[in-house]
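Values below: all heavy atoms of this structure, side chains included; hydrogens, waters and symmetry mates excluded. Quick caveat, the model's predicted, so the values are computed rather than measured. Index from 1, following the sequence.
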Amino acid sequence: MEAYSAEKLTPSVTLHRWGDPRFKTMKLSVNLIVPLRQETAAIYGILPGIITRATREYPTYQSLNRRLSELYGASLGAGARKIGGHQVLTFSVGGIANRYAFDGDDMLRELSDLLFSALFDPLKDGEGLFPKEHFLQEQRQLLEMKDAEFSDKITYAHRRCDELLFAGQDAALDRYGSREEIAALDPQGLPDAWERLLREARAEVFVLGDCHPDRDALAHRFAGVGREAAVGPVPFRAPEEVVRVVDEQPVTQSKLSLGFRVDADPADHLLYRLMSAVLGGVPSSKLFRNVREKMSLCYYCSSSFTPAGRALFIESGVETGNLQRAEEEILRQLKDLQDGDLKEEELTSAKLALCNSCRSVGDSLGAVQNWYLGRIFLGSAESPEEACGKLMSCTREQVVEAARKLELGVVYSLRGKEAASHGA
């Protein structure tokens with residue numbers, strides 16, 4: 001297995017390489033990173049879907065998919081995500097490695113040409129606009145996605161807790177903007193927004209799998225793209241008070257979400273991941289064993305730490321009548337951990353679970369990309385193997401001290417109505 005490497009193609013574009021001949025495939029992705037802003041979240045968020053629907057060279061859905069079929073069933077995709085206070089727009093293409101192609105086809109070059117055709121030569125009409133039908137289809141899909149997230153109450157409760165915890169900061173915004181902002185988009189402004197995005201975004205280019213990219217060719221292709229910009233975790237703001245919000249909807253299973261801010265050093269993100277795992281991230285955790293199993297106060301109860309957000313969330317599904325008891329017991333379990341109630345076997349079990357997760361990263365090209373993309377925001381390029389070593393060296397005292405830094409900022413409850421006839 002080749003080692004991971006990263007090098008600057010230009011001041012604003014970085015090439016990340018990770019090769020492994022065990023893979024029969026390769027993947028090329030371009031990640032455009034911009035600050036998450038209310039005025040641009042929706043218009044930037046809709047662009048990936050439009051850009052990858054067609055190109056000037058392949059102007060119809062049929063012609064583009066015919067080309068993908070010719071490339072041995074290659075895939076072309078795009079999407080948006082939020083990492084901390086940044087919006088990350090990803091455009092990717094994947095296909096088989098060169099050694100499995102007939103007649104010596106250079107699959108990396110063919111796949112790269114297709115992706116770059118979408119990025120740098122997208123389909124436009126005679127007036128220089130993206131096809132209106134493509135805009136309307138993507139807009140409809142995003143609105144349907146918003147409706148689906150509203151219907152998924154686990155997702156909805158987390159989103160509400162997230163926006164309350166980061167209120168007043170860009171990290172409170174959704175990766176695609178709000179439903180109202182998506183519905184109000186004007187297709188006339190999309191081409192200018194795309195050109196602005198290419199000028200202003202920081203670009204992280206990943207070439208992964210069984211392939212060897214041409215560094216000079218990529219540098220030439222990305223000349224003039226983006227601008228140099230720093231990225232990092234969300235600035236820490238200590239909660240001035242605990243914000244309590246209760247929403248009521250016709251669901252039979254209520255949701256309880258607690259949001260904590262933590263003044264965590266990015267270099268210590270693995271320690272905080274371990275603390276979260278001990279608290280509620282694995283089957284041996286305190287929340288799972290006590291709040292869910294022993295006391296039967298909830299259907300699920302788990303915690304997750306977001307390094308780029310410097311935040312920890314504890315989320316559970318609860319019978320409406322148990323909301324208060326569940327909150328009290330969750331906070332009591334946290335207090336016990338902060339007071340030093342942590343057995344070595346609990347700590348070891350959490351370490352082994354996280355290390356197992358680290359070791360599985362290399363099984364998927366998508367997981368490899370997500371691993372190193374996330375570390376860009378932490379100023380680190382540690383490998384999964386290095387991360388595992390650091391996790392195993394964390395001490396009980398360090399985990400307890402990390403728990404003591406959690407500051408409760410939000411208690412959000414999605415309370416089910418008694419007359420509900422269906423659940424979520």
* **Donor-acceptor contact below 3.5 Å, side chain Glu181 vs main chain Ser178** => yes

* Give the minimum heavy-atom separation between Asp174 and Tyr176, together with the two atoms involved. => OD2-N, 2.9 Å

* Asked: Nearest 0.5 Å, what's the CG-NZ distance between Leu115 and Lys27?
  -> 11.0 Å

* Structure fact -> CD of Glu144 to NZ of Lys146, rounded to nearest 0.5 Å, is 14.0 Å

* Hey, what do you get for CZ (Phe135) to CD1 (Ile46), rounding to the nearest 0.5 Å? -> 5.0 Å

* Start with the C-alpha distance between Phe260 and Phe313, add both sets of side-chain angles, then the distance that settles ring pair (Phe, Tyr, Trp, His ring centres under 6.0 Å), and finish with yes or no. => CA-CA 6 Å; Phe260 299 80; Phe313 296 92; 8.8 Å; no

* Asked: Does Ala229 offer a backbone N or O that forms a donor-acceptor pair with the side chain of Arg202 under 3.5 Å?
  -> yes

* Within 6.0 angstrom of Glu240 CD, more than 12 heavy atoms from elsewhere -> no

* **Arg244 (side chain) donor-acceptor with Val411 (main chain) under 3.5 angstrom** => no

* **Non-hydrogen atoms of Val234 and Arg261 that approach each other most closely** => CG1-NH2, 3.9 Å

* **Step-by-step side-chain contact (heavy atoms from CB on, under 4.5 Å) determination, Ser257 to Glu315** => CA-CA 4 Å; Ser257 296; Glu315 297 171 293; 3.7 Å; yes

* Determine which pairs satisfy salt bridge (charged side-chain N to carboxylate O under 4.0 Å, His left out) with at least one residue from residues 333-342, sequence neighbours left out, and list them in order. => Lys286-Asp341, Arg332-Asp336, Lys335-Asp339

* What are the two closest non-hydrogen atoms of Leu408 and Val242, and how far apart are they? -> O-CG2, 3.6 Å

* Should we say atom CD of Gln38 is surrounded by more than 12 heavy atoms from elsewhere, each under 6.0 Å from it? -> no

* To do: With sequence neighbours left out, write down each residue that passes salt bridge (Lys or Arg N to Asp or Glu O under 4.0 Å) with Asp247, or none if nothing qualifies.
  => Arg160

* How would you list, by chain and number, every residue that makes a salt bridge (Lys or Arg N to Asp or Glu O under 4.0 Å) with Glu70, sequence neighbours excluded? -> Arg67

* Please step through side chain to side chain donor-acceptor pair (under 3.5 Å) for the pair Ser29 and Gln369, ending with a clear verdict. => CA-CA 9 Å; Ser29 74; Gln369 174 181 290; 2.3 Å; yes

* Structure fact -> Here the gap from Leu129 atom CG to Lys124 atom NZ, rounded to the nearest 0.5 Å, amounts to 9.0 Å

* To do: Classify the ring geometry between Phe206 and His16 as parallel (under 30°), tilted (30 to 60°) or perpendicular (over 60°).
  => parallel

* To do: Could you list all the salt bridge (charged side-chain N to carboxylate O under 4.0 Å, His left out) pairs where at least one residue sits in residues 127-138, not counting sequence neighbours?
  => Arg53-Glu138

* **Set of ring pair (Phe, Tyr, Trp, His ring centres under 6.0 Å) partners for Phe91, sequence neighbours left out** => Trp194

* Between atom CD of Glu149 and atom CZ of Arg179, what is the distance when rounded to the nearest 0.5 Å? -> 11.5 Å

* Whether over 12 other heavy atoms sit under 6.0 Å from Arg56 CZ -> no

* May I have the step-by-step check of ring pair (Phe, Tyr, Trp, His ring centres under 6.0 Å) for Phe116 and Phe222, ending in yes or no? => CA-CA 10 Å; Phe116 296 149; Phe222 283 94; 5.5 Å; yes

* Asked: Taking all non-hydrogen atoms of both residues, which atom of Pro59 and which atom of Ala54 are closest, and how far apart?
  -> O-CB, 3.7 Å

* Pair Arg159 + Asp152, salt bridge at N-O below 4.0 Å -> no

* To do: Take atom CZ of Phe236 as the centre, draw a 6.0 Å sphere, and report whether it contains more than 12 heavy atoms from other residues, nucleotides or ligands.
  => yes

* To do: Measure from the side-chain N and O atoms of Lys82 to the backbone N and O of Ala171, and report whether any donor-acceptor pair falls under 3.5 Å.
  => yes

* Asked: In a check of side-chain hydrogen bond (donor to acceptor under 3.5 Å, both in side chains) between Tyr44 and each of Arg196, Arg37, Gln87, which one passes?
  -> Arg196

* Derivation of the side chain to side chain donor-acceptor pair (under 3.5 Å) call for Thr55 and Asp121 -> CA-CA 6 Å; Thr55 73; Asp121 197 13; over 6 Å; no

* Of the non-hydrogen atoms in Pro48 and Thr52, which two are nearest, and what is the gap between them? -> O-OG1, 2.8 Å

* Aromatic plane relationship, Phe102 with Tyr72 - under 30° parallel, 30 to 60° tilted, over 60° perpendicular -> tilted

* To do: Would you check if the side chain of Thr10 reaches a backbone N or O of Ser12 as a donor-acceptor pair within less than 3.5 Å?
  => yes

* Structure fact -> The reported gap from CZ in Phe305 to NE2 in His269 (rounded to nearest 0.5 angstrom) is 9.0 Å

* Structure fact -> Residue pairs meeting salt bridge (charged side-chain N to carboxylate O under 4.0 Å, His left out), one or both in residues 221-238, sequence neighbours left out, come to Asp113-Arg221

* Structure fact -> In terms of heavy-atom contacts, Phe288 and Pro283 come closest through CD2-O, 3.1 Å

* Test: Glu382 and Lys390 ion pair at under 4.0 Å -> yes

* Asked: Can you tell me if Glu386 uses its side chain to pair, donor with acceptor, with the backbone of Ser383 under 3.5 Å?
  -> yes

* Asked: So, Asp105 side chain and Met107 main chain: donor-acceptor pair closer than 3.5 Å or not?
  -> no

* side chain to side chain donor-acceptor pair (under 3.5 Å) between Gln249 and Lys153: does it pass, once the steps are laid out? -> CA-CA 10 Å; Gln249 291 184 16; Lys153 299 310 177 187; 2.5 Å; yes

* **Residues Asn370, Arg81; criterion side chain to side chain donor-acceptor pair (under 3.5 Å); working and verdict** => CA-CA 11 Å; Asn370 290 338; Arg81 75 183 82 179; 2.9 Å; yes

* Asked: Does Tyr61 offer a backbone N or O that forms a donor-acceptor pair with the side chain of Asn65 under 3.5 Å?
  -> yes

